[in-house]
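In this chain, numbering begins with 1 at the start of the sequence shown. Keep in mind that the numbers below use all heavy atoms, side chains included, and drop hydrogens, waters and symmetry copies. In each ligand, atom 1 is the first atom listed, and ligand 1 is the first ligand listed.
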Amino acid sequence: MQAWIDRIAARKATVGVIGQGYVGLPLALVFGESGFPVLGFDVDPIKVAAISKGESYIKHIGPERVAAAVASGQFAATTNFDRLRECDAIVICVPTPLGPHREPDNSYIHSTAREIAKRLRPGQLIVLESTTYPGTTDEEVLPILEGTGLNCPRDFHLAFSPEREDPGRKNFTTKNIPKIVGGVTPESTRAAVALYAAALEQVVPVSSARVAESCKLLENVFRSVNIALVNELKVIFDGMGIDVWEVIRAAETKPFGFMAFYPGPGLGGHCIPLDPFYLAWKAAEHGEWARFIELAGEINTRMPRYVVEKVARALNEDGKALNGSRVLVLGLAYKANVDDDRESPSYEILDLLQKRGARIDYCDPLFPKTRKTRKRDLGMTSVPCDGASFAAYDALVVATAHDVFKKAELFRSAKLVVDTRNMVAPLFPRGDGPRVVKA
Ligand SMILES: NC(=O)c1ccc[n+]([C@@H]2O[C@H](COP(=O)([O-])OP(=O)(O)OC[C@H]3O[C@@H](n4cnc5c(N)ncnc54)[C@H](O)[C@@H]3O)[C@@H](O)[C@H]2O)c1
């Protein structure tokens, strides 16, 4: 163990990162920038080719960082999993989606563990970073790795360390977000702490992989439940003629015991709409009901329907039917200023509007064209982001508060704005703007 830790301290250890997506690519860069030789593994040859050319396919990760890491010789990407043998530490950052019935899909973790097992050698540390339910690391990954005849901790080490990335955030990045680490044995925790401490500013060891897995879920359930709460209060206050945004602003002045969460068109992103259901599923195995998680999911997934209902009602007040009206949805990204549209409620809003006969378009300068995904292929193109284009629609629906939208001239001639983000009214402090309905 000491010899392994010395290799880490000397930056002689090679780090492999499997999955070069939103989590794996920045992590690989941080290890490379800390002086480690890094291999980035992915099954997608397009991503591997892009990295090899020094390009970034993720907007908030500058291509100059990828180019510098590749040019320095510290970082290379590959689809050749035989090169896992070269790695002293292997970090797994593969997807953990939900299946069609909201059940966890750990197949990517299992297949990756099997790929590692084929090449596992004594002296390696394996760390799982993909978000998952408690028990995955020691009940599912460990048996696959020990099926080789090698033993943890005698021959190799295994730990879980959750990713806490907030895409687009400037003040907290992979480098300075405290890193939770829990091994399946104390020796594994020690090895994983040594690895991350060599590249990141703060490492927080916990007593087991299960605690580390649970910590990530607590963080995401906390957000999901609080967002659901504020979404429910939005609907209740709206029925009473009270503006929830003003209520939150007032509550925020309390210097203790309150943390502001904001309503919106529904949950998006890779984490918060999905991860809580991993825990709910595992809880059932132990005879427990995750009632807060289910309720929050129910409220949050209903939000797109609420927004569309608001659009229909507001058009009706203008003497128009939703059927046949031209409606422009602003923002495909699930949150402001990122080019990430995974699980974005904008798609559900577009679907629902179209089903009710609206003539739909979208505007999002970060998505000039809609992307083809597992679920849909809309084949749409963004309309230009200018006031003349916006004025042509019967209703604008603000789904994402991108900075590029925060200009009064875009909305001055709009006929009707249905705003899920409270973005437009503040652009007209004198009240001389278009008709805005908050949703
Ligand atoms: N995106 C985030 O902000 C975020 C934050 C915290 C945690 N997470 C978690 O991190 C994990 C990865 O998420 P992501 O956002 O980076 O996903 P992603 O889809 O951006 O990236 C996953 C990458 O893995 C690759 N891949 C798929 N199967 C593979 C395999 N068998 N072998 C090698 N590579 C494979 C894909 O091609 C892709 O490049 C998930 O468990 C997610 O829940 C994500």
Side-chain angles (χ1 to χ4, degrees), residues 16-30 39-51 55-61 66 77-84 87 90-98 104-119 126-133 136-137 140-141 144 160-169 172-174 177-180 212-213 215-224 267-279 333-335 337-344 371 373-375:
V17 180
I18 305 182
Q20 289 294 293
Y22 283 86
V23 169
L25 178 57
L27 187 68
L29 290 172
V30 166
L39 283 172
F41 295 86
D42 207 292
V43 287
D44 182 350
I46 296 174
K47 285 195 176 129
V48 168
I51 292 172
E55 292 167 3
S56 170
Y57 37 78
I58 300 174
K59 182 178 161 274
H60 61 270
I61 299 170
V66 181
T78 180
T79 54
N80 177 6
F81 282 64
D82 284 337
R83 297 196 66 188
L84 286 170
C87 302
I90 298 171
V91 186
I92 305 171
C93 306
V94 294
T96 43
L98 287 177
D105 175 3
N106 267 350
S107 59
Y108 297 87
I109 293 180
H110 294 164
S111 64
T112 302
R114 285 193 292 272
E115 290 298 323
I116 295 171
K118 282 185 216 159
R119 291 102 177 167
I126 316 299
V127 186
L128 178 61
E129 287 215 5
S130 302
T131 307
T132 181
Y133 46 77
T136 307
T137 309
E140 299 177 25
V141 178
I144 295 175
F160 184 84
S161 179
E163 176 56 53
R164 290 167 145 176
E165 196 79 357
D166 182 11
R169 186 180 277 277
F172 287 108
T173 60
T174 310
I177 296 170
K179 195 86 172 101
I180 304 287
E213 290 160 337
C215 169
K216 172 73 184 175
L217 293 174
L218 168 62
E219 291 163 12
N220 284 355
V221 170
F222 172 79
R223 286 192 63 75
S224 169
L267 292 182
H270 190 300
C271 294
I272 300 170
L274 311 183
D275 302 346
F277 293 106
Y278 269 70
L279 184 57
Y334 79 91
K335 71 174 196 172
N337 307 322
V338 298
D339 63 342
D340 188 347
D341 61 344
R342 290 179 295 175
E343 310 299 323
S344 172
R371 289 182 194 167
T373 66
R374 272 187 304 153
K375 284 191 197 153

Contact residues of ligand 1 with a heavy-atom cut-off of under 4.0 Å?
-> I18, G19, Q20, G21, Y22, V23, D42, V43, D44, K47, F81, C93, V94, P95, T96, Y108, S111, T112, S130, T131, E163, E165, P167, K216, H270, C271, R342
Nearest heavy-atom neighbours spanning P178 and R164 | O-NH1, 2.8 Å
Looking at residues at least two apart in the chain, or sitting in another chain, which of them share a ring-ring contact (aromatic ring centres under 6.0 Å, His included) with Y57?
-> none
Pairwise distance OG(S130) to NE2(H270) - rounded to 0.5 angstrom | 8.0 Å
Looking at R223 and D275, does any basic side-chain N land under 4.0 Å from a carboxylate oxygen?
-> no
Does K216 pair with E213 as a salt bridge, N-O distance under 4.0 Å?
-> no
Donor + acceptor pair across side chains of T78, N80 (<3.5 Å) = no
